[in-house]
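The structure appears right after this line, and notes come after that.
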Amino acid sequence: MNILIAGGGIGGLTAALALHARGHEVTVLEAVREPKPLGVGINLLPHAVGVLDELGLLPALRGMAVETSALVFANRHGQAIYRDPRGLEGGYSHPQFSIHRGELQMRLWAEASARLTVISGQRVVGVRDGNIALIETTGGPREQAADLIVGADGIHSALRRRLAPDEGAPCWRGVMMWRGTSWAPPFLDGRTMVQAGHSQAKFVVYPIGAPRADGLQLINWIADRRVREPTPGLTAPDRADWSRAGRIEDLLPTFGRWRFDWLDVPGLITRAEQMLEWPMVDRDPLPRWRLGPTTLLGDAAHPMVPIGSNGATQAVMDAQALADALSHHDDLDTALAAYEDERRPLCARIVAMNRQEGLDAILDRVEALAPDGFARLADVIDPAEVAAEINAYKAAAGHRTRMP
Ligand SMILES: Cc1cc2nc3c(=O)[nH]c(=O)nc-3n(C[C@H](O)[C@H](O)[C@H](O)COP(=O)(O)OP(=O)(O)OC[C@H]3O[C@@H](n4cnc5c(N)ncnc54)[C@H](O)[C@@H]3O)c2cc1C
């Protein structure tokens with residue numbers, strides 16, 4: 001088939017590589033004129049790493065990521081609540097990677113450009129007559145027909161708008177995120193991801209590179225803070241303000257005293273090389289992703305609040321599911337229905353679970369039971385209950401220890 005993908009992010013590029021590997025003729029059109037390694041850290045769960053491994057990318061990923069050994073949940077006093085072994089240490093067939101989002105995107109971009117057609121400066125703005133993409137370029141508008149058009153164009157997707165014209169702005173429930181990177185001494189084993197605090201003020205932190213010669217490691221961190229109550233009709237800050245530079249003064253009143261014996265949170269914040277401010281948003285799940293010979297993938301299909309390392313992971317899983325569905329069914333409509341049946345309920349479930357804090361809900365429970373900390377966790381909550389809750393989220397979000 002001749003497939004056109006709108007959007008050269010992690011989802012669109014992985015889909016392009018997976019579809020090309022199945023013998024399709026693929027073109028990726030990316031709106032940005034000069035793609036740059038934007039963003040900070042993300043985590044790729046083992047099932048997504050398995051997909052990228054099948055595309056031959058595992059050695060490259062290993063060279064540019066940290067193999068996450070565990071996810072540690074802690075209270076705001078730095079006391080560990082639960083340690084969840086991850087990747088190979090958690091018995092999965094593949095590692096979990098903590099990686100720079102922009103560097104991963106650029107790597108996928110280079111791979112895709114070597115194998116198929118990837119064109120920047122091409123914004124897909126709509127579709128005419130079912131299968132003709134309407135494209136804006138600096139040279140003026142143009143059109144391109146395809147057997148299948150895939151909208152992998154992110155949370156502000158133009159192709160999603162065809163399915164939900166009245167949807168409006170993304171949903172915001174009053175939490176802002178400040179995302180930064182800082183060079184700092186490694187903490188714990190130098191490969192651990194930590195979520196500390198609770199839903200009103202949370203600090204997520206993990207390294208995204210090997211220590212350099214001076215012993216410092218590039219540490220990615222995300223500080224979440226509730227700035228508004230989640231009232232009906234609350235609207236996110238204007239899109240023009242997304243990704244604006246964050247201010248240290250907005251964080252230190254909340255996180256300034258979070259000095260643990262294993263991590264100096266205010267120290268990390270004040271060392272930030274780069275800090276961006278973003279509203280934590282998602283969208284309501286759609287009742288369908290397909291319209292004629294078009295479908296959606298990644299954030300265009302299911303933007304979700306960033307809990308459980310699902311953003312890039314689910315986009316990669318979509319890519320594989322779409323390629324599989326097209327291989328298993330000759331009829332395009334049947335294939336798109338099969339793709340959607342596999343992916344849409346799962347992603348809608350994650351959107352809903354993440355709105356309830358997902359696997360981080362345990363942090364709120366411990367905060368409510370022991371706001372001043374604890375001498376022994378077992379005095380506050382049964383550790384087996386904590387493990388069961390976290391494992392239930394992982395199962396519902398599609399974690400699996402082996403690739404099929
Ligand atoms: C600039 C940027 C920085 C990010 N930084 C982080 C981060 O630090 N941490 C994190 O967890 N997540 C980040 N994300 C989100 C994360 O990358 C996604 O949640 C996840 O990887 C799913 O990716 P996606 O490919 O579905 O969507 P996206 O990553 O949003 O990619 C969509 C792509 O489509 C392009 N595009 C948009 N509209 C059109 C159009 N009409 N026609 C053609 N192309 C279009 C965009 O330029 C982009 O390259 C970032 C996203 C972007 C775009």
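We count residues from 1, following the sequence as given.
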Closest non-hydrogen atom pair, Gly358 against Ile307: CA-CG2, 4.1 Å

Arg33 atom CZ, over 12 foreign heavy atoms within 6.0 Å: no

Partners passing side chain to side chain donor-acceptor pair (under 3.5 Å) against Arg225 (at least two apart in sequence or in another chain): none

Non-neighbouring partners of Glu357 that pass side chain to side chain donor-acceptor pair (under 3.5 Å), sequence neighbours left out: none

Which residues share a salt bridge (Lys or Arg N to Asp or Glu O under 4.0 Å) with Asp84, sequence neighbours left out: Arg86, Lys394

Pairs satisfying ring pair (Phe, Tyr, Trp, His ring centres under 6.0 Å), at least one member in residues 74-93, at least two apart: none

Flag side-chain contact, heavy atom, 4.5 Å: Leu71 against Ile390: no

Salt-bridge criterion met for Glu367 and Arg76 (N-O under 4.0 Å): yes

Using distance only, find each side-chain donor-acceptor pair of residues 202-212 under 3.5 Å and give its atom names and separation, not counting sequence neighbours.
from	atom 1	to	atom 2	distance (Å)
Lys202	NZ	Asp360	OD2	2.5
Tyr206	OH	Gly41	O	3.0
Tyr206	OH	Ile42	N	3.3
Tyr206	OH	Asn220	ND2	3.3
Arg212	NE	Asp214	OD1	3.0
Arg212	NE	Asp214	OD2	3.1
Arg212	NH2	Asp214	OD2	3.0

Contact check, side chains of Glu342 and Asp324, non-hydrogen atoms, under 4.5 Å: no

Qualifying residues under side chain to side chain donor-acceptor pair (under 3.5 Å), relative to Arg179, sequence neighbours excluded: none

Residue pairs fulfilling ring pair (Phe, Tyr, Trp, His ring centres under 6.0 Å) with at least one residue in residues 337-383, sequence neighbours excluded: Trp289-Tyr339

Min side-chain heavy-atom separation Gln274-Val40 under 4.5 Å: yes

Partner residues of Glu167 under the salt bridge (Lys or Arg N to Asp or Glu O under 4.0 Å) criterion, sequence neighbours left out: Arg160, Arg283

Between His47 and His94, ring centroids under 6.0 Å: no

Partner residues of Asp147 under the side chain to side chain donor-acceptor pair (under 3.5 Å) criterion, sequence neighbours left out: none

With Val305, the side chain to side chain contact (heavy atoms under 4.5 Å, CB included) member among Asn354, Val351, Val175: Asn354

Leu346 and Gln314, any side-chain heavy atoms less than 4.5 Å apart: yes

Within 6.0 angstrom of Arg257 CZ, more than 12 heavy atoms from elsewhere: no

Shortest non-hydrogen contact from Pro266 toward Leu252: CB-CD2, 4.1 Å

Check against side chain to side chain contact (heavy atoms under 4.5 Å, CB included), Leu188 and Val194: CA-CA 10 Å; Leu188 299 175; Val194 174; 4.0 Å; yes

Gap between atom NE2 of His24 and atom CG of Leu19 - 0.5 Å precision: 5.5 Å

Approximate separation, where rounding is to 0.5 Å, of Met176 CE and Asp224 CG: 10.5 Å

Salt bridge (Lys or Arg N to Asp or Glu O under 4.0 Å) partners for Glu103, two or more places apart: none

Spacing of Leu326 atom CG and Leu332 atom CG [to the nearest 0.5 Å]: 6.5 Å

Partner residues of Asp364 under the salt bridge (Lys or Arg N to Asp or Glu O under 4.0 Å) criterion, sequence neighbours left out: none

Heavy-atom side-chain contact between Val49 and Thr313 under 4.5 Å: no

Crowding at CD, Glu25 (>12 non-hydrogen neighbours, <6.0 Å): no

Note, Asp53 side chain near Leu61 side chain (heavy atom, < 4.5 Å): no

Gly8 to Leu13 - nearest heavy-atom pair and separation: O-CD1, 3.2 Å

Any side-chain heavy-atom pair of Ile381 and Ile362 under 4.5 Å: yes

Heavy-atom side-chain proximity of Glu389 to Arg365 below 4.5 angstrom: yes

Residue pair Trp221 / Leu268: nearest heavy atoms and the distance that separates them: NE1-O, 3.8 Å

Mutual orientation of the aromatic rings belonging to Trp258 and Phe255 [parallel < 30°, tilted 30-60°, perpendicular > 60°]: perpendicular

Sequence neighbours excluded, every pair satisfying ring pair (Phe, Tyr, Trp, His ring centres under 6.0 Å) that has a member inside residues 98-127: none

Heavy atoms from other residues, nucleotides or ligands near CZ of Arg142 exceed 12 (cutoff 6.0 Å): yes

